[in-house]
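Input: a single structure, listed below in structure tokens.
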Amino acid sequence: MSVNTDLAHIFDEIAALLTLTGANPFRAQANERAARILRDMTDDVATLSIADDAKKQLTALDGIGGGTADKIIEFINTGKIAEHEELLEVVPGGLLDVLQIPGLGPKTVKVMWDKADVTSVDTLKEALAAGTIEKLPRMGAKTVQNIRDALEFQAKSSGRARLGVAMPIAQRIVEHLTNVKGVQQCQFAGSLRRGRETIGDIDILASTTKPKDIAEAFTTMAGVDKILAAGETKCSVRIDEGIQVDLRVVDDKAFGAALLYFTGSKEHNVRLRERAIKQKLRLNEYGLFPNDDDDTPPQSRGVKPVACKTEADIYAKLDLQYIPPELREDRGELDADIPRLVEVDDIKAELHAHTTASDGKFTIEELITEAQSRGYHTIAITDHSKSSAQANGLDEKRLRAHIQAIRTAAKQFKTMNVLCGSEVDIRVDGTLDYDDKMLGELDIVVASPHASLAQEPKKATTRLVAAVSHPMVHVLGHPTGRLINSREGLSPDMNAIIAAAVEHDTALEINANFMRLDLRDTHVRAAVEAGCKIAINTDAHAAAHIDFLRYGVLTGRRGWLTPELCINTWSKAKLATWLKLKRQ
DNA sequence: GCCGTTTTCGGCCCGACTGTTTTCAGTCG
């Protein structure tokens with residue numbers, strides 16, 4: 001929903017501008033929270049805001065109060081927010097970019113603005129060159145050099161790394177460190193453990209009897225480009241891929257408390273600490289302690305923690321169910337009944353994969369063998385349709401020959417359920433790329449948008465609702481067509497698509513390719529709440545792609561997806577029955 | 001700016017690290 005995104009951006013700017021004016025930090029925080037809520041919701045805030053009881057509906061959202069609700073309504077009615085405009089008259093907008101530079105916070109930026117006429121990244125560079133920055137208070141040689149380094153790094157950095165890029169790197173490092181002498185536990189934490197679609201940096205947590213050895217092993221490992229910090233408990237390096245990796249070394253007895261802390265999210269941790277306080281407890285990265293109102297940290301006074309060894313212990317002492325990392329986003333997880341979430345081992349069917357018939361690398365036999373080796377009972381072969389000419393899509397004649405070839409090949413695999421399918425293009429007007437007769441000859445139809453992905457939201461909604469309502473369609477493939485960090489894709493009214501999917505018993509796909517992860521987590525959550533069926537498919541074009549499944553499962557878990565709603569976890573018989581019955 | 005199982009006012013998570021100063025401010029997660 002692009003209005004939600006636009007508004008979220010404005011609230012983030014208001015927050016940043018407020019910090020630069022020295023306003024109450026909690027006021028800034030409230031605006032940041034509003035931005036996060038808007039990004040997380042699938043409801044179109046524009047629709048919500050024109051309702052008769054708009055203010056009531058908005059303030060019903062936890063974290064949105066009267067002031068924010070008024071501003072949202074103001075934006076929907078006028079296209080802008082007066083407070084935002086007024087702040088931009090006082091504070092140069094270019095300072096928002098300066099604030100993005102690591103190490104520079106609001107206090108420092110304000111001093112630069114007041115005393116050195118810095119109003120943008122460019123004027124900061126000029127001030128650095130002119131030597132005016134180093135004359136400011138608390139600006140020593142090291143700080144100035146750090147700013148120069150950060151500017152240089154920012155210029156060549158590509159920003160947040162995709163999940164599927166960061167994960168293998170993190171696993172490699174964890175494996176390397178686990179083999180170091182003295183290491184007791186080692187695993188990655190942070191947004192990577194929570195399965196976010198992009199990762200700012202990689203956090204590794206370890207406990208060891210020999211802290212010096214692990215620090216040495218970490219900073220000297222292959223692929224380290226630059227050592228940023230090398231202390232007793234924390235080391236930071238930048239690796240060749242341009243990603244920062246932090247290693248934290250903690251006491252083995254408190255590994256759980258540290259893991260909880262370093263996994264985050266920050267907002268989830270704040271919620272946990274607030275809850276702890278209400279229970280006369282105090283939570284930090286060393287454990288959950290009795291709260292004796294002494295300002296000195298309890299661990300440094302020898303206070304015995306109530307829990308610290310494992311995350312589960314801490315949740316239990318806070319009277320909470322264990323909350324899986326993927327749910328720790330302050331999206332209501334503390335107040336909810338947490339269901340059993342889908343796991344990689346639950347997946348028994350791949351329902352979207354390509355062969356050499358279109359643009360895949362597998363032959364039919366290779367693809368079936370690959371699926372069989374993963375312990376799947378079902379594999380759907382879904383090559384592209386004719387409109388995807390760039391992907392060597394099949395016309396009707398070639399598709400019919402392909403179906404024959406699949407049926408013949410399948411005879412060699414007695415235990416495998418091999419489905420003849422297609423990934424059919426959803427054309428710009430919502431019609432499909434084959435007629436109903438052709439579609440009827442297929443066991444499974446995955447309908448996906450590939451072209452016109454910058455279509456305006458209303459048309460995109462009509463287009464996708466038509467496809468999801470089509471009686472021959474089983475799965476809506478990568479619904480928005482977005483590519484993470486490179487293409488925004490469609491911004492349809494996702495609730496309308498979910499409603500149509502529920503009505504017509506069509507599954508929505510989580511495309512597990514880490515470039516896509518489409519549906520995204522928040523869409524999955526809305527779909528799951530509506531009782532919509534979900535497919536997790538890898539869209540494999542080559543053997544390595546089948547391993548992308550884990551990213552799809554992580555995204556599903558972030559959307560609170562249970563095995564019951566995930567059609568890839570069903571038994572062979574249940575899945576086959578649904579595929580047939582759906583068309584009746 | 002938001003919120004209320006002691007509150008409609010007065011709070012709002014917690015600690016480490018860095019770099020600058022001689023006891024701590026600012027930033028980060």
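The analysis underlying the following values was restricted to heavy atoms, covering all of them including side chains, and did not include hydrogens, waters or symmetry mates. Proteins come first, then strands; the chains are lettered A, B, ... in the order of their sequence lines, and each starts at number 1.
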Just to be sure I understand the rule, does [X] reach a base, reach only the sugar-phosphate, or reach nothing, if contact means heavy atoms closer than 4.0 Å?
X: A/Gly264; value: nothing
X: A/Ala141; value: sugar-phosphate
X: A/Thr233; value: sugar-phosphate

Under 4.0 angstrom between A/Thr143 side-chain N/O and B/dT20 OP1 or OP2: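 It does, given that an N or O in the side chain of A/Thr143 lies less than 4.0 Å from OP1 or OP2 of B/dT20.
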
N or O in side chain of A/Asn31 less than 4.0 angstrom from B/dG1 OP1/OP2: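 Checking B/dG1 against A/Asn31, no side-chain N or O comes under 4.0 Å of OP1 or OP2.
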
Any salt bridge linking [X] with [Y]? Criterion: basic side-chain nitrogen under 4.0 Å from a carboxylate oxygen.
X: A/Asp518; Y: A/Arg482; result: no
X: A/Asp149; Y: A/Arg238; result: no
X: A/Glu311; Y: A/Lys317; result: no
X: A/Glu83; Y: A/Lys71; result: yes

DNA chain B-proximal residues of residues 66-77 of chain A, any heavy atom under 4.0 Å: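 Nucleic-acid contacts, sorted: A/Gly66, A/Gly67, A/Thr68, A/Lys71.
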
Aromatic ring pairing A/Phe514/A/Phe548, orientation class (parallel under 30°, perpendicular over 60°, tilted between):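 The rings of A/Phe514 and A/Phe548 stand perpendicular, inter-plane angle above 60°.
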
Integer-rounded Å distance: B/dT6 P and A/Ile277 CD1: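 For the pair A/Ile277 CD1 and B/dT6 P, the rounded distance is 14 Å.
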
Span that lies between the C1' atom of B/dT20 and that of B/dG26, in whole angstrom: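 One C1' to the other, the span is 10 Å.
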
Closest to the A/Tyr286 side chain, choosing from B/dA16, B/dC14, B/dG1: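 The answer is B/dA16, which lies nearest to the side chain.
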
Out of B/dG1, B/dG15, B/dG19, whichever nucleotide has its closest atom nearest the side chain of A/Asn146: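 Ranking B/dG1, B/dG15, B/dG19 by closest atom to the A/Asn146 side chain puts B/dG19 first.
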
Summary of protein contacts for nucleotides 21-29 of chain B, nucleotide by nucleotide, where a base hit scores B, a sugar-phosphate-only hit scores S (4.0 Å, heavy atoms): ----BSSSB

B/dT6: syn or anti, per glycosidic angle within 90° of 0: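 Base orientation: anti.
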
A/Glu85 CD: over 12 foreign heavy atoms closer than 6.0 Å: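 Result for CD/A/Glu85: enclosed.
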
